[in-house]
A.B. asks: 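Before anything else, here's the structure in question.
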Amino acid sequence: MKQNNFSEEVKNAFISFSELILEFSTERETSLKRKDFEALLKVLVDNIPFIHSGSVLLQDVDGSFFYIAAYNHDYKLLEKIKFSKEEMYMRRFKHVYILKRKSIDLIKELSQKIGDIDDTLKESIRSIENIKAFVSIPIRVQRKIIGFFNLDTWEDEDTFEKNRFLSIAEMIGDLLSLSVERFELIKSMKELNEKINKVVMFDPVTHLPNYKVLGNYFDKYVSLAKRDSSNLYLIKIKFENIDEVDRKHGFDYGNNILQKFAKIIEKNIRRSDILVSLNRESFAVLAISKSFPYNIFDRLNDSIVKFINSQNLDLTCTIGISEYGVDGKDVDSLISSAEEKSKPVKESKSVKV
């Protein structure tokens, strides 16, 4: 009769566990945290009579394993413990496995790991001393074990076999692995999207945002300028003969010139200004100002002249400015207007164009 009660309780606990992990896996995209693992442990420990405590180990970036969560154990005690990769794989197998008190001295091993503990934690070790056996459930991501979900019994070391718990434990492991792998897949997809965005949104030579990013920021800067009762300006800087530099000295040399040139521009604008690469030879700056931005214009002019002179090359650069609402109300019209007003840098200083 007792066996039947346990079987029904195990069944109900597993259903509750499944519902909870499904909730975690479908309602968000962030990986399982300590509180999530503790909630999963709580469902099983509180609803299965022969399970009294539990813990979760995850692999760290250095390959070692650490306790990320515990239930009916003092986490402050367990968080001090780490296992090397070799220790974990020597002791645990690729599948669900039961470790018993008679086959491994848990207390001695954990005591060596813990070392000296505060008086406040001495009582906490009793929950570990109570363990007669525990079932170790591997958590896998792409067939690689990245953690262990452990459930402890304080009664009989043969309890898990008597209650036919191994098959349930394997299903728990499958659910956990699916959930963790889903979050890892989401993380990988986000990282891949970030790499793709860098290709799509950034110039590969100067690593500056590109024309597409300028469009994304434009409406926001229009709103900011209106709210601040200011004007929005677009400054266009263009290398007129970068193609000639490429032909004479090669693309690598030309790229190096462009990278240095981009840094010169960046150093001479404000943090609030947006600098983008329009194409290989052209750059644009979005700047909000109460009046015509002479200071920015002059700084750029002087620095570009100095840069050109320092390179000992016959470089030609132009600069022009357009104003939102006067020269156009969209990015393309402002770029075209700034192009029409552009003059060689040596001639454009302190001249409103």
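Here the structure is a predicted model, which is why all the values come from computation and not from measurement.
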A.B. asks: Could you tell me whether a side-chain N or O of S282 sits under 3.5 Å from a main-chain N or O of N279, the two making a donor and an acceptor?
C.D. replies: no
A.B. asks: What's the verdict on side chain to side chain contact (heavy atoms under 4.5 Å, CB included) for I308 and C317, showing C-alpha distance, side-chain angles and the deciding distance?
C.D. replies: CA-CA 9 Å; I308 289 175; C317 182; 3.9 Å; yes
A.B. asks: For residues D158 and K100, determine if any side-chain heavy atom of one lies less than 4.5 Å from a side-chain heavy atom of the other.
C.D. replies: yes
A.B. asks: Is it the case that one hydrophobic cluster holds both L224 and I274, taking links as side-chain heavy atoms less than 4.5 Å apart, direct or via other members?
C.D. replies: yes
A.B. asks: side-chain hydrogen bond (donor to acceptor under 3.5 Å, both in side chains) with R34: which residues, sequence neighbours excluded?
C.D. replies: E38
A.B. asks: For the residue pair D327 and E340, establish whether any side-chain heavy-atom pair is separated by less than 4.5 Å.
C.D. replies: no
A.B. asks: Quickly, which of N150, L32, I68, I137 forms a side chain to side chain contact (heavy atoms under 4.5 Å, CB included) with V56? Name it, please.
C.D. replies: I68
A.B. asks: H249 versus N256: any side-chain heavy-atom pair under 4.5 Å?
C.D. replies: no
A.B. asks: Working to the nearest 0.5 angstrom, can you tell me the gap between F149 CZ and S55 OG?
C.D. replies: 9.0 Å
A.B. asks: Is there a side-chain contact between F66 and K82 in this structure, where contact means two heavy atoms from C-beta onward sitting under 4.5 Å apart?
C.D. replies: yes
A.B. asks: Is there side-chain contact between F307 and I257, with heavy atoms separated by less than 4.5 Å?
C.D. replies: yes
A.B. asks: Name the orientation class of the two ring planes belonging to F65 and F148 (parallel below 30°, tilted from 30 to 60°, perpendicular beyond 60°).
C.D. replies: tilted
A.B. asks: Look at the rings of F292 and Y233 and say which category their plane angle falls in: under 30° parallel, 30 to 60° tilted, over 60° perpendicular.
C.D. replies: perpendicular
A.B. asks: May I have the list of side-chain donor-acceptor pairs in residues 212-223 shorter than 3.5 Å, sequence neighbours left out?
C.D. replies:
unit_1	atom_1	unit_2	atom_2	d
Y221	OH	S272	O	2.4
S223	OG	D219	O	3.1

A.B. asks: Decide yes or no on side chain to side chain contact (heavy atoms under 4.5 Å, CB included) for K226 and Y324, but give the supporting numbers first.
C.D. replies: CA-CA 11 Å; K226 289 179 178 178; Y324 174 80; 4.0 Å; yes
A.B. asks: Do the non-hydrogen side-chain atoms of T316 and P344 ever get within less than 4.5 Å of each other?
C.D. replies: no
A.B. asks: Would you mind reporting whether R299 and R270 have side-chain heavy atoms less than 4.5 Å apart?
C.D. replies: yes
A.B. asks: Can you name the residues that form a ring-ring contact (aromatic ring centres under 6.0 Å, His included) with F37, not counting sequence neighbours?
C.D. replies: none
A.B. asks: When rounded to the nearest 0.5 angstrom, what distance separates CD1 in I319 from NZ in K343?
C.D. replies: 12.0 Å
A.B. asks: Say you draw a straight line from CZ of R143 to CD of E181; how long is it, rounded to the nearest 0.5 Å?
C.D. replies: 10.0 Å
A.B. asks: Please set out all donor-acceptor pairs under 3.5 angstrom arising from side-chain atoms of residues 166-180, sequence neighbours excluded.
C.D. replies:
unit_1	atom_1	unit_2	atom_2	d
S177	OG	R140	N	2.9
S177	OG	G173	O	2.8
S179	OG	S25	OG	2.8

A.B. asks: Side chain of N163, backbone of F165: donor and acceptor closer than 3.5 Å?
C.D. replies: no
A.B. asks: List the atom of A133, the atom of I98, and the distance in Å for their closest heavy-atom pair.
C.D. replies: CB-CG2, 4.5 Å
A.B. asks: Using side-chain heavy atoms (C-beta onward) and a distance below 4.5 Å, is T159 in contact with H52?
C.D. replies: no
A.B. asks: Say you draw a straight line from OG of S7 to CG of N12; how long is it, rounded to the nearest 0.5 Å?
C.D. replies: 11.0 Å
A.B. asks: Can K162 and E155 be counted as an ion pair, charged N to O under 4.0 angstrom?
C.D. replies: no
A.B. asks: For the side-chain hydrogen bond (donor to acceptor under 3.5 Å, both in side chains) test, which of K236, K238, E240 pairs with T318?
C.D. replies: E240
A.B. asks: Check ring-ring contact (aromatic ring centres under 6.0 Å, His included) between Y211 and all other residues, then give those that pass, not counting sequence neighbours.
C.D. replies: none
A.B. asks: Is there a path of hydrophobic side-chain contacts, each under 4.5 Å between heavy atoms of I/L/V/M/F/W/Y residues, joining L232 to V326?
C.D. replies: no
A.B. asks: On the 0 to 90° scale, with breaks at 30° and 60°, tag the F261-F239 ring pair as parallel, tilted or perpendicular.
C.D. replies: tilted
A.B. asks: Would you say Q59's side chain and G63's backbone share a donor-acceptor pair under 3.5 angstrom?
C.D. replies: yes
A.B. asks: Check this for me: K290, atom NZ, are more than 12 non-hydrogen atoms of other residues, nucleotides or ligands nearer than 6.0 Å?
C.D. replies: yes
A.B. asks: Check each of V276, N268, L234, I265 against V285 using the side chain to side chain contact (heavy atoms under 4.5 Å, CB included) test, and report the only one that passes.
C.D. replies: I265
A.B. asks: Applying salt bridge (charged side-chain N to carboxylate O under 4.0 Å, His left out) between R280 and each of D243, D203, D246, report the one that passes.
C.D. replies: D246
A.B. asks: Do I15 and L44 land in one hydrophobic cluster if side-chain heavy atoms of ILVMFWY residues count as linked below 4.5 Å?
C.D. replies: no
A.B. asks: Please find the pair of heavy atoms, one from L334 and one from G328, that lie closest to each other, and give the distance.
C.D. replies: CD2-O, 3.6 Å
A.B. asks: What pairs with K267 under side-chain contact (heavy atoms from CB on, under 4.5 Å), at least two apart in sequence or on another chain?
C.D. replies: none
A.B. asks: Side chain to side chain contact (heavy atoms under 4.5 Å, CB included) for I264 and K260? Distances and angles first, verdict last.
C.D. replies: CA-CA 6 Å; I264 292 294; K260 290 179 180 179; 5.5 Å; no
